[in-house]
Amino acid sequence: MKKFFTFISMMLLFVAGAWADELTFGPADFSAATSAATSATKSPITIEVSSGTITTEQIRIFKNQTITISASGVNITSVVFTCTASGTAQYGPGCFTNVGETGTYEASEGNTGTWTGNAESLQLKASSNQVRATSIVVTYVGSSDTKTATTIEFSGDYQTRFTYGANGESVALPTATVKAGDTTVGTAVAWELTKGSDFRVGDAEPVIDGNVVKPSNHSYGKLTLKASYAGDATYKASTKSYTLTVYKGYMSLAEVVEDFMKDNSKFTSTGIPVSYWAMINEETAGTATVTYANGSYTYISDGQNDLLLYGSGLGLEKGDVISNDKGNGQGFDAIYGMMKTYNGLLELGTSKDEMQFTVKSKGAEVTPKTLDIANIGDVKNMNAYLKVENAEYVSASGKNLTFKVGDAELSVYNQWSVGIDALEAGAKYTLTGMGSIYAKNDQVTYQLYLIDFTKTAEPAGINAIQAEAQQGKVYNLQGQRVEKATKGLYIVGGKKIVVK
């Protein structure tokens, strides 16, 4: 099979009468971006994946997604894909199909597949399964085409993220200018829209209408917008694309909690793109307060509901009041990220760049809510700043601590490695922490992420009672002195005795 492809390639070189060269692309040559367009360029070849992931070992093209290989000033004669090892055919080169009539693609025995032809660009599509390539070898020749190569430039003010309602009902496409070097050829391009594998259609299919994209309400995910220049007798064809992320918008934390209660299955470990605006909630006036911050964990509250922002370097501190009003008439923005659940705990994965809020003031007083242990499973206690009183310490196993509140058991997790050496078994404490959930293997544990603890003070007069008890005086379990012990449980001389 390889000899046949080599023969074809040599024939193409002979016909073209041109020199030949090859380039090898591996995972390290790509810009990794989960579930987003990925690309690599080694002049004069560019490879672009419409949707996939790049690991240290593989270039993954998701099912029903495409890989486009294009050349500048040369023609591609063959592309050899080396995929996962034999025995994993479901991720191998047999999953590729040719798009269009440019060249031919065939998967050989084993783990390689080869495209052959003579073209400036080609496109292959992963069909029922994703393709996992460990290397892509591109062979190209000097082109006899005398047309001038072109590129497409986008105006720099276009949006790459969009929330229906907050940003309007449509988003403008960038102005696309076709260039041949420093010469402007024109702006006659055709736009094409492709839905990413993660895109969820809302009220209607996303469409391009004139110079705008209309994603429709309740949509979220990634859209690829590609501009194509067809070329003419003088200039070569060219393409350029970008990714538009459509976010599901929330105007209050109450909406987040309500949506989570309706259908938490969509908040998977991968998550969905979400933007939090908090603009129209009259009771909270578009502000939120940081109730606790430690490492990658930053908690915010609007006074009624709470949210965990998971991301390092957010720069927020306990008591910061944040607002999405940019001030000076600049309008509003949002916190952007991926809303997901981790072992049942709801969090918004974000970063400093995605935190489009401003710190309105610092040092606000933050008071924990006293937790009724019977209601620990209330969703409004999730990510909330809580206080638990009269919690009797029982035991510890690693970071898992057990307390008792009355007859109920309380699970406490030492998430931030608080020093617990001072805890005494049987002693009672006031605990502060953040409400959390641990869900695994169909078991759900409601618990507290520990922040601090203080030992509960003994009631006034208890020392005097203990001193008298050491002298042989008799007390009932309520601490009341009695003249004579009848049937029951008593404290005599500081020890519990049973009188039958």
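Everything quoted here is computed from the prediction, not taken from an experiment.
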Side chains of [X] and [Y] only: does a donor on one sit below 3.5 Å from an acceptor on the other?
{"X": "D259", "Y": "Y250", "value": "yes"}
{"X": "S241", "Y": "E48", "value": "yes"}
{"X": "D306", "Y": "S301", "value": "yes"}

Donor-acceptor contact present, side-chain [X] to main-chain [Y], <3.5 Å:
{"X": "N98", "Y": "G103", "result": "yes"}
{"X": "S50", "Y": "Q65", "result": "no"}
{"X": "N167", "Y": "Y164", "result": "no"}
{"X": "D232", "Y": "T234", "result": "yes"}
{"X": "S127", "Y": "C95", "result": "yes"}
{"X": "T350", "Y": "Y336", "result": "yes"}
{"X": "T289", "Y": "G319", "result": "no"}
{"X": "N383", "Y": "M434", "result": "no"}
{"X": "D320", "Y": "L316", "result": "no"}
{"X": "S252", "Y": "E255", "result": "yes"}

Within this structure, what is the [atom1]-[atom2] distance for the pair [X] and [Y], rounded to the nearest 0.5 Å?
{"X": "L253", "Y": "E258", "atom1": "CG", "atom2": "CD", "answer": "12.5 Å"}
{"X": "T82", "Y": "N111", "atom1": "OG1", "atom2": "CG", "answer": "6.0 Å"}
{"X": "I152", "Y": "K179", "atom1": "CD1", "atom2": "NZ", "answer": "12.5 Å"}

Minimum heavy-atom distance between [X] and [Y], given as atom pair plus value:
{"X": "S219", "Y": "F199", "value": "CB-CZ, 3.7 Å"}
{"X": "F96", "Y": "A126", "value": "CD2-N, 3.9 Å"}
{"X": "P206", "Y": "P215", "value": "CB-CA, 4.0 Å"}

Within 6.0 Å of [atom1] in [X], more than 12 heavy atoms from elsewhere:
{"X": "E169", "atom1": "CD", "result": "no"}
{"X": "K214", "atom1": "NZ", "result": "no"}
{"X": "K240", "atom1": "NZ", "result": "yes"}

task = Decide whether a cation-pi geometry holds between R200 and Y220; the criteria are a distance under 6.0 Å from NZ or CZ to the six-membered ring centre and an angle within 45° of the ring axis.
result = no
key: Six-ring centre of F25, K42 cation under 6.0 angstrom, axis tolerance 45°   = yes
key: E57 and R132: CA distance, side-chain angles, deciding distance, salt bridge (charged side-chain N to carboxylate O under 4.0 Å, His left out) verdict   = CA-CA 9 Å; E57 299 178 345; R132 300 180 179 179; over 6 Å; no
key: Parallel, tilted or perpendicular: rings of Y299 and Y297 (30°, 60°)   = parallel
message = Within the 4.5 Å heavy-atom criterion, are L173 and V212 side-chain neighbours or not?
response = no
Contacts of K318 that satisfy salt bridge (Lys or Arg N to Asp or Glu O under 4.0 Å) - sequence neighbours left out = none
task = Output, in order, the C-alpha distance, side-chain angles, deciding distance and verdict of side-chain contact (heavy atoms from CB on, under 4.5 Å) for T116 and T77.
result = CA-CA 6 Å; T116 56; T77 57; over 6 Å; no
query = Who passes side chain to side chain contact (heavy atoms under 4.5 Å, CB included) against V99, sequence neighbours left out?
reply = Q123, K125
request  = Decide yes or no on side chain to side chain donor-acceptor pair (under 3.5 Å) for T177 and E153, but give the supporting numbers first.
outcome  = CA-CA 5 Å; T177 303; E153 296 181 358; over 6 Å; no
